[in-house]
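Working notes, beginning with the structure itself.
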Amino acid sequence: MVKVNLGGCKSFVSDALYSDYIGKALDAYDVLAGEQGAGNDFLGWKTLPCDVTEDIICRCESVRDLWASKGVDLVVVIGIGGSYLGARCAIEALSHSFVRKQGVPQVVFAGNNLSEDYIAEMMDLARQRNTACVVISKSGTTTEPAVAFRLVKSYIEETYGKQEASQRIVAITDAVKGALKTLATQEGYTTFVVPDNVGGRFSVLTPVGLLPIMLAGFDVRAMLAGADSERESLLVRGADNAAVQYAAMRNLLYSEQGKGVEILVSFNPKFQYLGEWWKQLYGESEGKDRKGIFPASVICTTDLHSMGQFIQDGSRNMFETVVTVENASREVVIGSDPQNLDQLNYLAGQRVEHCNRMAQLGTKLAHIDGGVPQLEISVDAINEKTLGALFYFFEFACGVSAYLLGVNPFNQPGVEAYKKNMFALLRKPGFEAQSREILERIK
């Protein structure tokens, strides 16, 4: 379902070198498939497409139906990192760009920043609407979502009463421990489990992603089916395995040619949050031990008018991975104009998507000529099945690529440093001693 085209790299690498890296990628594939590598206790995502039970989906449907019966028209999903990016990616990709889907609640996201303006504006919206909440956290103590949840929980309890609040709050958390699990048990919230063997950035096909996506009105069974179809194709070991090809080429460009920046490109703005999800997946999985390809993303043609100059003519330390959608879901034809003041009559009768494709092809040729290799990953359309396939493809390829790079794909030791400093500056109990030292350092 997901196809890889490496034609845009052929002028940059030799067949012999690529063949060598295919061999290395296949060795890394064997580590992932054999589940013997570093972090192998976090491989539950590999079988999620077929492990998600009908009972889990039915429980998600029960939440959806209960909230529909209450007239809920706003769901605040609280989480950060992998606890929200996959769901937001899917909802943004599948939704109408301008019109909210009728008959389903609007899904908004909080707990992914500490901006007071953002939180205040989200609360403004909650006060105008019939509100419910999904809170996602393994621990319940991560600062950003914990702050947002304290505020949203208080509002829901004050507005609807504690008993009704227990039916308007769903917690997705640890099975047995943690502050959120304790609270959910005390208050009687419906709960879903974040599996212990699935890290946050790999969790989109658990209730972490599936419940918000369903609440927004989309078909999670089709998404799981698309992911499972991709899983079956990637189980076939060989040089033509799409994940192996992607991992081999990106590591070749990084290790042999110093291409330390990968730009994920799409010519469809519906994939803006695919880029955000992908950046976390690859940034947290590979950026460690002083290694890793820096993940960036752009949406074209929009960003050709801002970042295009740099990509075309700036530092030659980058390559592009373009996610292509082969078939648009809508059709818009350019008409003729008698005056032709805009000089566009030569396009009369053409679809807008034809212009988009020619812009993509022209950009590809220009960037290759400018020294930027280009990989292409394509799907036939944007729908639940193809999104499921893309999620699984990038996750599997990430595991292969990180093992090829020589790092543990499933830990993230570097994310704690800022937290310790922040806790000290906020004078969190237990961090008082560090506070004095940090205050001296930042003077």
Side-chain angles (χ1 to χ4, degrees), residues 52-79 83-111 121-136 152 155-156 159-161 164-172 189-192 204-227 268-274 277 325 327-332 381-388 391:
V52 175
T53 64
E54 183 64 17
D55 177 65
I56 290 174
I57 296 175
C58 288
R59 291 186 65 229
C60 291
E61 290 174 334
S62 294
V63 173
R64 178 198 64 191
D65 295 344
L66 173 64
W67 288 355
S69 73
K70 295 177 180 293
V72 168
D73 62 0
L74 180 74
V75 175
V76 180
V77 175
I78 297 174
S83 294
Y84 92 103
L85 282 169
R88 185 157 192 179
C89 166
I91 292 169
E92 295 276 346
L94 295 169
S95 295
H96 192 289
S97 298
F98 303 101
V99 180
R100 184 160 66 90
K101 192 171 184 179
Q102 295 298 307
V104 297
Q106 180 182 2
V107 175
V108 300
F109 295 88
E121 290 170 2
M122 181 273 295
M123 294 303 298
D124 288 343
L125 180 64
R127 292 184 187 99
Q128 298 170 21
R129 306 282 284 277
N130 190 331
T131 303
C133 170
V134 177
V135 57
I136 306 166
V152 173
Y155 166 74
I156 291 177
T159 303
Y160 305 102
E164 175 67 11
S166 69
Q167 297 186 45
R168 288 174 176 263
I169 297 173
V170 169
I172 304 177
Y189 301 157
T190 295
T191 60
F192 294 84
V204 63
L205 298 177
T206 72
V208 168
L210 297 178
L211 178 58
I213 293 166
M214 179 185 287
L215 291 171
F218 301 110
D219 186 350
V220 299
R221 288 184 176 85
M223 185 170 291
L224 289 165
N268 192 317
K270 288 183 177 293
F271 274 167
Q272 179 179 350
Y273 267 87
L274 177 68
W277 173 83
V325 180
N327 298 295
S329 60
R330 304 285 295 274
E331 182 174 321
V332 178
I382 298 178
N383 55 44
E384 290 93 335
K385 289 191 71 173
T386 56
L387 278 171
F391 284 141

Which atom names give the shortest non-hydrogen contact between Ala110 and Met122, and what distance separates them?
CB-CE, 3.8 Å

Applying side chain to side chain contact (heavy atoms under 4.5 Å, CB included), run through Leu211 and Arg64 and close with a yes or a no.
CA-CA 8 Å; Leu211 178 58; Arg64 178 198 64 191; 6.0 Å; no

Shortest non-hydrogen contact from Ile136 to Val134?
CG1-CG1, 4.0 Å

When you look at Lys101 and His96, which way does the side chain to side chain contact (heavy atoms under 4.5 Å, CB included) test go after all the steps?
CA-CA 7 Å; Lys101 192 171 184 179; His96 192 289; over 6 Å; no

State the CD1-SG distance between Ile213 and Cys89, to the nearest 0.5 angstrom.
8.0 Å

Is a side-chain N or O of Glu92 found less than 3.5 angstrom from the main chain of Tyr273, in a donor-acceptor match?
no

For residues Arg88 and Gln272, determine if any side-chain heavy atom of one lies less than 4.5 Å from a side-chain heavy atom of the other.
no

Closest non-hydrogen atoms of Arg127 and Tyr155, given as atom of the first, atom of the second and distance, are CA-OH, 3.3 Å

Can any side-chain N or O of Lys270 pair as donor or acceptor with the backbone N or O of Ser95 at less than 3.5 Å?
yes

Under 3.5 Å: donor-acceptor pair, side chain of Tyr84, backbone of Phe109:
no

Quick one: does any side-chain atom of Tyr160 pair with a main-chain N or O of Thr131 as donor and acceptor, under 3.5 Å?
yes

Would you say that Phe192 contacts Val63 through its side chain, given a criterion of any heavy-atom pair below 4.5 Å between the two side chains?
yes

Identify, with sequence neighbours excluded, every residue that meets side-chain contact (heavy atoms from CB on, under 4.5 Å) alongside Asp55.
Thr53, Arg59

I need the Leu66 CG to Glu61 CD distance, nearest 0.5 Å.
13.5 Å

Atom OG1 in Thr191, atom CD1 in Ile172: separation rounded to 0.5 Å?
9.5 Å

Does any non-hydrogen side-chain atom of Leu224 lie less than 4.5 Å from one of Ile57?
yes

Within-4.5 Å side-chain heavy-atom neighbours: Ile78 and Cys133:
yes

Is there a donor-acceptor contact under 3.5 Å from the side chain of Trp67 to the main chain of Gln167?
yes

All heavy atoms of Ala381 vs all of Thr386, minimum pair found to be O-OG1, 2.7 Å

Check Ala87 against Pro212 and note the closest heavy-atom contact, atom names and distance.
CB-CB, 3.9 Å

Is there a side chain to side chain contact (heavy atoms under 4.5 Å, CB included) between Val325 and Phe271 once you walk through the steps?
CA-CA 10 Å; Val325 180; Phe271 274 167; 3.6 Å; yes

When you compare the side chains of Ser62 and Asp65, does any donor N or O come within less than 3.5 Å of an acceptor on the partner?
no

Where is the tightest heavy-atom contact between Leu210 and Leu205, given as atom of each residue plus distance?
CD1-O, 3.4 Å

So, Thr190 side chain and Val170 main chain: donor-acceptor pair closer than 3.5 Å or not?
no

How long is the span from the OG1 atom in Thr159 to the CZ atom in Arg168, to the nearest 0.5 Å?
9.0 Å

